[in-house]
Amino acid sequence: MSNAATTTSPISTSSSGCVHRWTQTLIPTTRDAPSDAETPSHIFMVRAGYIRSVGSGIYTYLPLAWRALRKISEIVREEMDAAGASELLMPTLEPIELYKDTKRDVDYGDLLFKLEDRHGRIAALGPTHEEVITDLMCSSLTSYKQFPLNLYQIQTKFRDEFRPRAGLLRCREFIMKDAYSFHLELEGDAGLNDTYDKMYQAYTNIFTRCGLDFSAVEAEAGPIGGSASHEFMVNCVSGEDTILYCPSSGYAANVEKAEIGERSWSFDGAPGSDLTKHHTPKMPGIELVAEHLGTTASGMLKTIVMRTVEDTPRWVLAVVRGDHDVNEGKVRDAVGCAVEMAPEGEARKAGFAIGYVSPRMGYVAENSLVLIDPDAAGGTWATGADENDYHVTGWHWSRDSELVDSRLEETGVSEDGLVRIVSIRNAVAGDPSPRAEGSVLEERRGIEVGHIFKLGSKYSDAMGLSVLDRDQKKRSVIMGCYGIGVSRTLAACVEMAHDENGIVMPLAIAPYHVQIVVIKPEGDGVMDHVDALSKELSSNGFDVLVDDRSERPGPKFKDADLIGIPLRIIVSPKTIEAGEVEFKRRSDEGKAVLVSRGEILNTCLDAAKSL
RNA sequence: CAGGGCGUAGCUCAGCUUGGUAGAGCGUGUGGUUUGGGACCACAAGGUCGCAGGUUCGAAUCCUGUCGCCCUGACCA
């Protein structure tokens, strides 16, 4: 936290907060959850009057959500500015021509919202802004003396997701902070690595200040492209992403990226039984087949037919144990070029009985690479029979395929180099740690709220962004990019911090710091008393929400729990008379405690420090 | 996009199988009794049953089409 822009409490000490009355804003809480919400953050944000659905993956941010989003944005701004970045704002509308050079009009594909203007020109609603900013830099970056440069914006992004889901967690329209940095070198003060590290630290500061329980993990770079990349994950059992981590070394990575420690393999050993063919029609899923064959998924070999993305594609057979999943990134790295799932039609034409393929096909089909995961190498297995609706049991590597030669047995690479033993599967809990011998990986779930990438020169090369260096040599500009899902961060926060009664907002991003629940607001002088209290709090930096509705106490307490304002003061005619108020944190289990009117400000200030 | 489910009052849902004048609870408005964890009584407002065709004397209900929404999967902030 030493580099944080501010290290003080989330309450502003320099400026005063606001006082808003419930009856003068819009907080439409409901008793029932909408029938189409299933995720806690979705249910509670709708019930608590934070958001309302407008269409699939499209939401209105009601006042409470918008206040929280503004607070998140402000923290993002402070930390980005402190880390040397400057804010700008690029357009949402991006001419499709911008995407031609980087081919992302194709690569981004259906994710891109496109629209046509009255002249027939096509524009995209920006899903991200690498192209726009690189184009801008082509004309405004003119000298090596300008580096490093780091620019960011906070803006609504559009992605035509296959399936929007879970309220604000996956939207078609969402708020994102995206930053782009420019360099001539990797190393040194002006280099990409330095800015990347600064962004890593800034993100750590941001999510810490937001009050989130998160992990920074190694990640796949994905379609944005580039080399190194880290994701920031909110730790949460309901998260979509799987993180693997090693408790002893601190290594943590997305399952897409996680490495696995050394595993031994051997082709020694005689076949366990004879090769037997079994009729296995209409059995979707490897578990069903395994059960029918009297084994389990871990007793089977799974052969995934892929092919390289080249001018003359080659087949790639990825062989893993039946209970494991092939990792496309690892296959790509092993092959040395991009790979894709083989189109089923073409694979069938080439003789692959899709769904019933055995590793043997690597020998039968010409020009094939066979990649064998260490856990699948050696031994006797059940696998496909290379014939529709048939599997075999008792399949033995040396006896039943022509793939194994002595070189493969010794070195893991066959004589012709076409068969290799290499780690190509997703890591799972219990796998050996890649960083600490004797330790095993553990698993937890997370929600991705931030992602930083070292892009390298992918975009600058594609779009011709270069400058002259000190030696008057033309050099490609090196880039980094850094994203935060601002609206998703809010949802992830609710996902992480709620109980059965509603949201439990962290102080730093709560719409208000203090909620004053007024019992009998119509009572004599009650609101005068509340006004004085509100003013005292707000002039000390607290944002105050006054529930001045003439409701009975029950609904007011229920609503207070729902919307999750961290500090609660209860004012009633009874306590006013006694010169007291009641105080309670949203996170407190028990009843409110009585505090004298003169002490309540200090009570709140103390609570703000400890939250 | 594939598979599954759902569209009836502001919200949650019943009614549909077996066609016959549109229902409940919550919420809302008014009046009254209440007032510390979603009070009670009375009255009232509120729906061309997603939309378009068809069958029928008659359709929320049966048939066809269409649009929208949710869930499961491949993608991602």
Side-chain angles (χ1 to χ4, degrees), chain A residues 28-39 42-43 46-47 49 52-58 72 76 107-112 126-129 154-179 203 207 219-224 229 231-234 239-241 254 256 284-285 325 328 340-341 446-453 481-492 501-502 517-523 549-562 568 570-575 582 584 591-592:
Chain A
T29 59
T30 65
R31 189 193 293 241
D32 294 315
S35 57
D36 55 11
E38 293 194 356
T39 317
H42 187 191
I43 292 172
V46 173
R47 281 195 55 207
R52 278 295 139 93
S53 157
V54 174
S56 176
I58 310 171
I72 296 171
V76 169
D107 290 354
Y108 236 89
D110 295 335
L111 226 48
L112 215 51
T128 169
H129 282 69
I154 296 174
Q155 186 201 41
T156 298
K157 295 286 193 266
F158 296 84
R159 291 186 192 171
D160 194 359
E161 291 287 343
F162 297 104
R163 188 159 81 85
R165 56 178 294 269
L168 252 36
L169 281 176
R170 167 171 257 85
C171 283
R172 296 197 295 167
E173 176 174 341
F174 59 98
I175 299 174
M176 176 172 166
K177 188 279 310 186
D178 48 326
Y203 275 40
F207 295 124
E220 266 282 301
I224 293 181
S229 129
E231 286 168 335
F232 290 78
M233 300 274 198
V234 171
E240 286 188 282
D241 289 280
N254 192 309
E256 302 288 330
D325 290 318
E328 208 173 295
E340 61 181 6
M341 290 297 292
I447 300 168
E448 183 189 354
V449 290
H451 202 159
I452 57 179
F453 302 83
C481 79
Y482 319 92
I484 288 179
V486 175
S487 45
R488 181 184 279 181
T489 298
L490 175 58
N501 295 315
V517 177
V518 188
I519 310 291
K520 290 204 184 85
E522 64 281 1
R549 294 174 298 170
S550 41
E551 285 286 343
R552 292 162 55 87
K556 296 183 115 168
F557 290 136
K558 288 287 185 193
D559 278 348
D561 286 344
L562 244 191
R568 184 183 310 170
I570 303 157
V571 175
S572 68
K574 235 183 344 194
T575 54
E582 288 162 275
K584 173 180 197 288
K591 289 212 160 216

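Chain identifiers are assigned alphabetically (A, B, ...) following the order of the sequence lines, protein sequences preceding nucleic acid strands; residue numbering begins at 1 within each chain.
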task: Determine, stepwise, if the pair A:V486 / A:R488 fulfils side chain to side chain contact (heavy atoms under 4.5 Å, CB included).
output: CA-CA 5 Å; A:V486 175; A:R488 181 184 279 181; over 6 Å; no
- Are A:D561 and A:K556 close enough, and set up right, to give a salt bridge (charged side-chain N to carboxylate O under 4.0 Å, His left out), and what steps lead you there? CA-CA 9 Å; A:D561 286 344; A:K556 296 183 115 168; over 6 Å; no
Go through A:E240 and A:R165 one step at a time and tell me if the salt bridge (charged side-chain N to carboxylate O under 4.0 Å, His left out) criterion holds. CA-CA 11 Å; A:E240 286 188 282; A:R165 56 178 294 269; 2.8 Å; yes
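In a base pair of the Watson-Crick type (N1 to N3 plus N6-O4 or O6-N4) or a G-U wobble (N1-O2 and O6-N3), with each distance short of 3.5 Å, B:rC62 is matched with B:rG54. In this structure B:rA44 sits in a base pair with B:rU28, meeting the Watson-Crick or G-U test at under 3.5 Å. B:rU18 is unpaired under the criterion used here, namely a Watson-Crick or G-U wobble arrangement in which both key atom distances are under 3.5 Å. Both distances falling under 3.5 Å, in either a Watson-Crick or a G-U wobble arrangement, place B:rA39 opposite B:rU33. Here B:rG73 sits opposite B:rC1 as a Watson-Crick or G-U wobble pair (both hydrogen-bonding atom distances under 3.5 Å). Pairing for B:rC6 is with B:rG68, a Watson-Crick or G-U wobble pair whose two hydrogen-bonding atom distances lie under 3.5 Å.
Using a cutoff of 4.0 Å between basic side-chain nitrogens and carboxylate oxygens, A:K591 and A:E582 are not scored as salt-bridged.
With sequence neighbours left out, the side-chain contact (heavy atoms from CB on, under 4.5 Å) criterion links A:S572 to A:I519, A:K574, A:T575. Under the rule for a side-chain contact (heavy atoms from CB on, under 4.5 Å), A:E38 has no partner lying at least two apart in sequence or in another chain. A:E173 pairs by the salt bridge (Lys or Arg N to Asp or Glu O under 4.0 Å) definition with nothing, not counting sequence neighbours.
Atom-to-atom, CZ of A:F174 to C1' of B:rC75 comes out at 12 Å; the value is rounded to the nearest Å. Distance CD (A:E161) to P (B:rG73): 14 Å, rounded to an integer number of Å. Between A:N254 atom CG and B:rA77 atom P the separation is 11 Å, expressed in whole Å. Distance CG (A:L111) to P (B:rA74): 15 Å, rounded to an integer number of Å. Taking atom CD1 of A:I447 as the reference point, atom C1' of B:rA77 lies 12 Å away to the nearest angstrom. Rounded to an integer number of Å, the gap from CG of A:D241 to P of B:rA74 is 11 Å. As rounded to whole Å, 18 Å separates atom P of B:rC75 from atom CG of A:L112. In this structure, the NE2 atom of A:H42 is 11 Å from the C1' atom of B:rC69, given to the nearest Å.
With a 4.5 Å cut-off on side-chain heavy atoms, A:R172 and A:R163 do not count as touching.
Rounding to the nearest 0.5 angstrom, the gap separating the OH atom in A:Y482 from the OH atom in A:Y203 is 9.0 Å. Taken to the nearest 0.5 Å, the CG atom of A:D559 stands 4.5 Å off from the CZ atom of A:R549.
Here the closest non-hydrogen pair linking A:G483 and A:M176 is CA-CE, 4.2 Å. When all heavy atoms are compared, the tightest approach of A:P521 to A:S550 is CG-CA, 4.2 Å. Of all heavy-atom pairs between A:R52 and A:P28, the closest is NH2-O, 2.8 Å.
Just one residue in the list A:I175, A:I72, A:D178 forms a side chain to side chain contact (heavy atoms under 4.5 Å, CB included) with A:I154, and that residue is A:I175.
Neither OP1 nor OP2 of B:rG68 sits under 4.0 Å from any side-chain N or O of A:S56. OP1 or OP2 of B:rU12 lies within a sub-4.0 Å distance of a side-chain N or O belonging to A:S35.
Distance noted for atom C1' between B:rA52 and B:rG32: 49 Å (whole Å). Straight-line distance between the P atoms of B:rA44 and B:rG37: roughly 32 Å, to the nearest whole Å. For the C1' atoms, the distance from B:rG47 to B:rC13 is 14 Å, rounded to whole Å. The same atom, P, is picked in B:rG5 and in B:rC62; the two are 15 Å apart, to the nearest Å. Comparing the P positions of B:rA60 and B:rG50 gives a spacing of 10 Å, expressed to the nearest Å. Straight-line distance between the C1' atoms of B:rU12 and B:rU48: roughly 23 Å, to the nearest whole Å. To the nearest whole angstrom, the two C1' atoms, one in B:rA22 and one in B:rU61, are 12 Å apart. Of the P atoms belonging to B:rU30 and B:rG53, the separation is 41 Å, rounded to the nearest Å.
A:A166 comes within 4.0 angstrom of the backbone, heavy atoms only, and of no base. Backbone-only engagement by A:A33 is indicated by non-hydrogen atom pairs under 4.0 Å involving sugar-phosphate atoms exclusively. Among the protein residues, A:R165 comes within range of the sugar-phosphate backbone only, with heavy atoms under 4.0 Å from sugar or phosphate atoms but none that close to a base. Counting any heavy atom pair closer than 4.0 Å across all strands shown, A:R52 reaches no nucleic acid atom.
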Per-nt protein contacts along nucleotides 22-37 of chain B (heavy atom under 4.0 Å; B base, S backbone sugar-phosphate only, - none) come out as ---BSS------BBBB
Show me the protein contacts with nucleotides 5-10 of chain B, counting only N or O atoms at under 3.5 Å.
none

Could you go over nucleotides 49-52 of chain B and give all protein N or O partners under 3.5 Å, atom names and distances?
none

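Toward the 5′ end of RNA chain B lies the nearest nucleotide of A:R172, the other residue of the pair A:R172 and A:R163 mapping further downstream. Residue whose closest nucleotide on RNA chain B sits further toward the 5' end, between A:P34 and A:G167: A:P34.
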